[in-house]
Amino acid sequence: MPLRDEYTLHQSDLSAFLFAPLWEEKNGTPLSVLSALARLDIDPWAEAARLAVLPKDVAASALAIILRRLPMEQSAMPDTGAAAERAVTLLPAGGSETTVEGTVAPRRGRPTLGQWVAAVTALALSAWILTALLS
């Protein structure tokens with residue numbers, strides 16, 4: 001039986017952003033974007049996909065606001081704005097293959113070899129049928 005999505009490691013173009021360290025916690029361990037979002041009960045992949053479609057400055061502001069919600073002593077509060085700005089540079093330009101629902105969308109861009117073969121075959125079949133009808 002396959003694991004449910006919430007128990008699998010997502011491999012996506014959002015991984016660099018999600019696993020990026022934001023700052024070091026009191027105990028010396030780095031806090032990742034993924035951990036910060038999870039602590040706030042925010043789906044990390046869905047939030048990262050949402051941020052990826054925004055302009056970088058808007059995404060950084062939105063992430064900084066989210067990070068300020070983390071429970072911390074006021075004196076220990078790191079510079080959330082700077083951390084967010086560093087992190088959003090790792091978001092994929094122009095959005096992500098991962099949708100806000102957490103599923104991976106089909107890759108946009110150049111057609112695959114299979115798509116080319118299917119298109120050429122359909123074109124050849126259409127031409128053959130057209131010539132048969134016109135004869």
Side-chain angles (χ1 to χ4, degrees):
M1 177 167 96
L3 290 174
R4 294 187 348 212
D5 274 350
E6 58 266 26
Y7 297 115
T8 61
L9 288 176
H10 292 262
Q11 300 297 322
S12 77
D13 55 353
L14 299 171
S15 294
F17 168 75
L18 288 170
F19 293 104
L22 292 167
W23 55 73
E24 197 172 280
E25 297 192 280
K26 274 187 181 179
N27 64 5
T29 60
L31 176 69
S32 69
V33 174
L34 187 143
S35 294
L37 294 173
R39 286 180 186 178
L40 294 169
D41 201 26
I42 297 171
D43 181 319
W45 283 270
E47 185 61 22
R50 185 185 76 80
L51 293 172
V53 298
L54 300 174
K56 297 288 187 203
D57 58 335
V58 176
S61 294
L63 181 59
I65 290 168
I66 291 169
L67 296 176
R68 284 188 202 107
R69 292 177 31 210
L70 287 167
M72 262 187 246
E73 294 176 23
Q74 202 62 15
S75 62
M77 181 64 78
D79 184 354
T80 56
E85 285 178 19
R86 279 192 313 273
V88 299
T89 63
L90 299 171
L91 285 169
S96 171
E97 295 173 3
T98 304
T99 65
V100 175
E101 292 80 30
T103 60
V104 177
R107 220 180 239 287
R108 297 178 299 262
R110 298 176 60 186
T112 64
L113 177 62
Q115 291 170 325
W116 277 110
V117 169
V120 169
T121 303
L123 186 61
L125 185 58
S126 298
W128 180 75
I129 290 172
L130 186 60
T131 54
L133 288 173
L134 293 175
S135 330

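Keep in mind that this is a model prediction, so the values were computed, not measured.
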**Request:** Evaluate side-chain contact (heavy atoms from CB on, under 4.5 Å) for Val33 paired with Leu67, printing each intermediate quantity in order.
**Result:** CA-CA 9 Å; Val33 174; Leu67 296 176; over 6 Å; no

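- Rounding to the nearest 0.5 Å gives a distance of 8.0 Å between CD of Glu47 and CG of Leu63.
- Within the structure, the salt bridge (Lys or Arg N to Asp or Glu O under 4.0 Å) test picks out the following pairs touching residues 30-41 (sequence neighbours left out): Glu25-Arg39.
- For Asp57, the side chain to side chain donor-acceptor pair (under 3.5 Å) criterion is met by no residue, not counting sequence neighbours.
- In the hydrophobic cluster analysis, where Ile, Leu, Val, Met, Phe, Trp and Tyr join through side-chain heavy atoms closer than 4.5 angstrom, Ile65 is grouped apart from Val58.
- The CG atom of Asp43 sits 9.0 Å away from atom CG of Leu34, with the distance rounded to the nearest 0.5 Å.
- When all heavy atoms are compared, the tightest approach of Gly81 to Ala64 is CA-CB, 4.0 Å.
- A distance of 13.0 Å separates CG in Leu40 from CZ in Arg68, rounded to the nearest 0.5 Å.
- Here CZ of Arg50 is found 11.0 Å from CG of Leu91. Values are rounded to the nearest 0.5 Å.
- Looking only at distances, no side-chain donor or acceptor of Lys56 sits under 3.5 Å from a matching main-chain atom of Thr89.
- Leu90 approaches Ala20 most closely through the heavy-atom pair CD1-CB, 3.4 Å.
- Across Leu22 and Ala87, no two heavy atoms sit closer than the pair CD2-CB, 4.2 Å.
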**Message:** Run Leu37 and Leu18 through side-chain contact (heavy atoms from CB on, under 4.5 Å) and show every step you take.
**Reply:** CA-CA 9 Å; Leu37 294 173; Leu18 288 170; 4.3 Å; yes

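- For the pair Arg69 and Ile42, the minimum side-chain heavy-atom distance is below 4.5 Å.
- Rounding to the nearest 0.5 angstrom, the gap separating the CH2 atom in Trp23 from the CZ atom in Arg86 is 9.0 Å.
- Residues Leu51 and Ala62 approach most closely at CD2-CB, 3.8 Å, considering heavy atoms.
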**Prompt:** Hey, mind stepping through Phe19 and Leu14 against side-chain contact (heavy atoms from CB on, under 4.5 Å) and telling me if it holds?
**Reply:** CA-CA 9 Å; Phe19 293 104; Leu14 299 171; over 6 Å; no

